[in-house]
> 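Mind having a look at this structure? Questions to follow.
All residue numbers in this chain count up from 1 along the given sequence.
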Amino acid sequence: MSSRHRFDRAHTDDLMSFLAASPSPYHAVANAAARLEVAGFRQIEETAAWDGSTGGKYVLRGGAIIAWYVPEGAAAHTPFRIVGAHTDSPNLRVKPLPDSGSHGWRQIAVEVYGGTLLNTWLDRDLGLAGRISLRDGTDRLVNIDRALLRVPQLAVHLDRSANTDGLKLDRQRHMQPIWGLGEVAEGDLIRFVAEEAGVDAEDVTGWDLMPHAIEPPSYLGRDRELLAGPRMDNLLSVHAATAALAAVAGQPDEELPYIPVLAAFDHEENGSQSDTGADGPLLGSVLERSVFARGGTYEDRARAFAGTVCLSSDTGHAVHPNYAERHDPTHHPVANGGPILKVNVNMRYATDGSGRAVFAAACEKAGVPWQTFVSNNAMPCGTTIGPITAARHGIQTVDIGVAILSMHSARELCGADDPYLLANALTAFLTG
């Protein structure tokens, strides 16, 4: 290992495994839950009556997971420390009537999900993953992790201007993957998926399926100081937050003045407005039920929320060496420079000065360097779950993350040390 590697890479190695095993939000929450189970957490059902017992608990709903740890002696009004993240990534999603094709090619009808960079899906070997819903009301995870689909690009001989005038892609006509030759047969894809899942195709009554690039995550660079992989926006944060919560749950309860929480939502990439998104009631419902299950009143709930802080952890932009003019001239986050604090005075990010102090204290406690991101004034600023969480629940929220390149690509790039640094900062934050 190169002397340039400052930290143990065990965390990043585990992140690579997590990314590869999580080709859909449903797989991501299942894998996060499995890690928490090892740390002693147990799943509780939303339809069941909750009790005031201590320890680690989690709720799964679709592509979202809310997990929390109640230490011994926690009062009903004990504030929460929340790490928020999201499980979804921009990609392609299979349509309700998927079987398509023409001119002897069999294709799959897909819809574009979120703000993906369309060109990054061209000429890649793609698998297919997600969940199928069965007639008995259960769901089954599916991961066909082999070369199955491909979105072929038009040859340069037939588009001589592609390298001069820029590639122009029509979201409807040009993004439909091929998966074979022959006549289109209605129901063919779902029959194939059902067979792969080991169920009867007649029992499949619904599906949420999406192509994914099958190339595994990998270290990159002369000294392997970079990490390339899919879905780092935002499974990098989900993984770090899961590791942080598991680590905190292993500490003595008397050292936990707050109730630490992981809130990983779905549908951030299309606005968060769903029952599993940050703009839905899931987080508030779980937190309130936790207070009430411990014998709390509405007054206890109000006191707990008033003392709660959320770190909304999502990826941000590292300065791009080929497009440095697109960035703010005085704020240039770099790879392996530590997590970033994301600031926008128009509240596209929820960070304010007092939130900055909370984040700075956590990084100082963890011995982690950190950076600041602000958009160029001439460029529109993106957003994330931070402002939504702050406004919906009335809790102080700070937007942070890891600086990456190629955001919303089918394959993104970050510093290989930054995931570990983020996890350490999150652990320090959760313990207060």
> Below 4.0 angstrom, N of the basic side chain to O of the carboxylate: do Arg9 and Asp14 qualify?
no

> Whether the side chain of Ser274 engages the backbone of Thr276 through a donor-acceptor N/O pair (distance < 3.5 Å, no angle test) should be reported.
yes

> Take atom CZ of Arg61 as the centre, draw a 6.0 Å sphere, and report whether it contains more than 12 heavy atoms from other residues, nucleotides or ligands.
yes

> Please enumerate all residues that pass side-chain contact (heavy atoms from CB on, under 4.5 Å) together with Ala85, with sequence neighbours excluded.
Asn234, Ser237, Val238

> Would you check, one step at a time, whether the test side-chain hydrogen bond (donor to acceptor under 3.5 Å, both in side chains) holds for Gln107 with Ser100?
CA-CA 5 Å; Gln107 294 176 275; Ser100 179; 4.9 Å; no

> Please confirm whether the backbone N or O of Cys381 pairs with a side-chain atom of Ser375, one donor and one acceptor, at under 3.5 Å?
no

> How far apart are the C-alpha atoms of Thr397 and Asp399, what are their side-chain angles, what is the distance that settles it, and do they pass the side-chain hydrogen bond (donor to acceptor under 3.5 Å, both in side chains) test?
CA-CA 7 Å; Thr397 304; Asp399 277 300; over 6 Å; no

> Does CZ belonging to Arg356 count more than 12 external heavy atoms closer than 6.0 Å?
no

> For a quick test of reading the model, state the closest non-hydrogen atom pair linking Gly114 to Pro90 and the distance between them.
C-CB, 4.3 Å

> Is it true that atom CD of Glu46 has more than 12 heavy atoms of other residues, nucleotides or ligands lying nearer than 6.0 Å?
yes

> Using a strict threshold of under 4.0 Å (side-chain N to carboxylate O), is an ion pair present between Glu288 and Arg301?
yes

> May I ask you to say whether Arg150 pairs ionically with Asp123, meaning some side-chain N is under 4.0 Å from a carboxylate O?
yes

> With distance as the sole criterion, is a donor-acceptor pair present between the side chains of Asp253 and Tyr69 under 3.5 Å?
yes

> Taking all non-hydrogen atoms of both residues, which atom of Thr54 and which atom of Pro71 are closest, and how far apart?
CG2-O, 3.7 Å

> Does the distance from a Lys or Arg side-chain N to an Asp or Glu carboxylate O, for Arg146 and Glu196, drop under 4.0 Å?
yes

> With no hydrogens and no angle check, do the side chains of Thr427 and Asn424 hold a donor and an acceptor under 3.5 Å apart?
no

> Give me the atom names and distance for the closest heavy-atom approach of Pro98 to Trp207.
CD-CZ2, 4.1 Å

> Please tell me if the side chains of Trp68 and Leu245 come closer than 4.5 Å, counting only heavy atoms from C-beta onward.
no

> Have Thr116 and Asn91 got a donor and an acceptor in their side chains that come within less than 3.5 Å?
no

> Side chains of His267 and Asp279: any donor to acceptor distance under 3.5 Å?
no

> Looking at residues at least two apart in the chain, or sitting in another chain, which of them share a salt bridge (charged side-chain N to carboxylate O under 4.0 Å, His left out) with Arg294?
none

> Provide the closest heavy-atom pair for Glu37 versus Gln43 in the form atom of the first, atom of the second, distance.
OE2-N, 3.9 Å

> Using 30° and 60° as the class limits, which term best fits the ring planes of Phe18 and His239: parallel, tilted or perpendicular?
tilted

> Quick one: do the Asn143 and His27 side chains pair a donor with an acceptor below 3.5 Å?
no

> Could you check whether Glu215 pairs with Arg124 (Lys NZ or Arg NE/NH1/NH2 to Asp/Glu carboxylate O, under 4.0 Å)?
yes

> Could you give me the CA-CA distance, side-chain angles and deciding distance for Leu256 and Thr431, then say whether side chain to side chain contact (heavy atoms under 4.5 Å, CB included) is met?
CA-CA 6 Å; Leu256 298 178; Thr431 57; 4.0 Å; yes

> If we only count heavy atoms from C-beta on, is the Leu227 to Leu413 side-chain gap below 4.5 Å?
no

> Taking all non-hydrogen atoms of both residues into account, name the closest pair between Ser89 and Asp233 and its distance.
OG-O, 2.7 Å

> Take Met379 and His327 through the test side chain to side chain contact (heavy atoms under 4.5 Å, CB included) and record every step on the way to the result.
CA-CA 8 Å; Met379 303 290 293; His327 299 265; over 6 Å; no

> Ignoring hydrogens and angles, state whether a donor on the side chain of Arg42 or Ser53 is under 3.5 Å from an acceptor on the partner side chain.
yes

> Quick one: does Cys310's side chain get under 4.5 Å of Val83's, heavy atoms only?
no

> Stepwise, does the side chain to side chain contact (heavy atoms under 4.5 Å, CB included) test hold for Arg93 with Val112?
CA-CA 6 Å; Arg93 303 285 177 104; Val112 178; over 6 Å; no

> Does a donor on one side chain and an acceptor on the other come within less than 3.5 Å for Glu269 and His408?
yes

> Working note: Phe359 + Trp370, criterion ring pair (Phe, Tyr, Trp, His ring centres under 6.0 Å); need CA distance, chi angles, decisive distance, verdict.
CA-CA 9 Å; Phe359 178 63; Trp370 59 280; 5.5 Å; yes

> For atom CG of Asn163, is the number of surrounding heavy atoms from other residues, nucleotides or ligands below 6.0 Å larger than 12?
no

> Would you kindly say whether Asp314 and Ser312 are connected by a side-chain donor-acceptor distance under 3.5 Å?
no

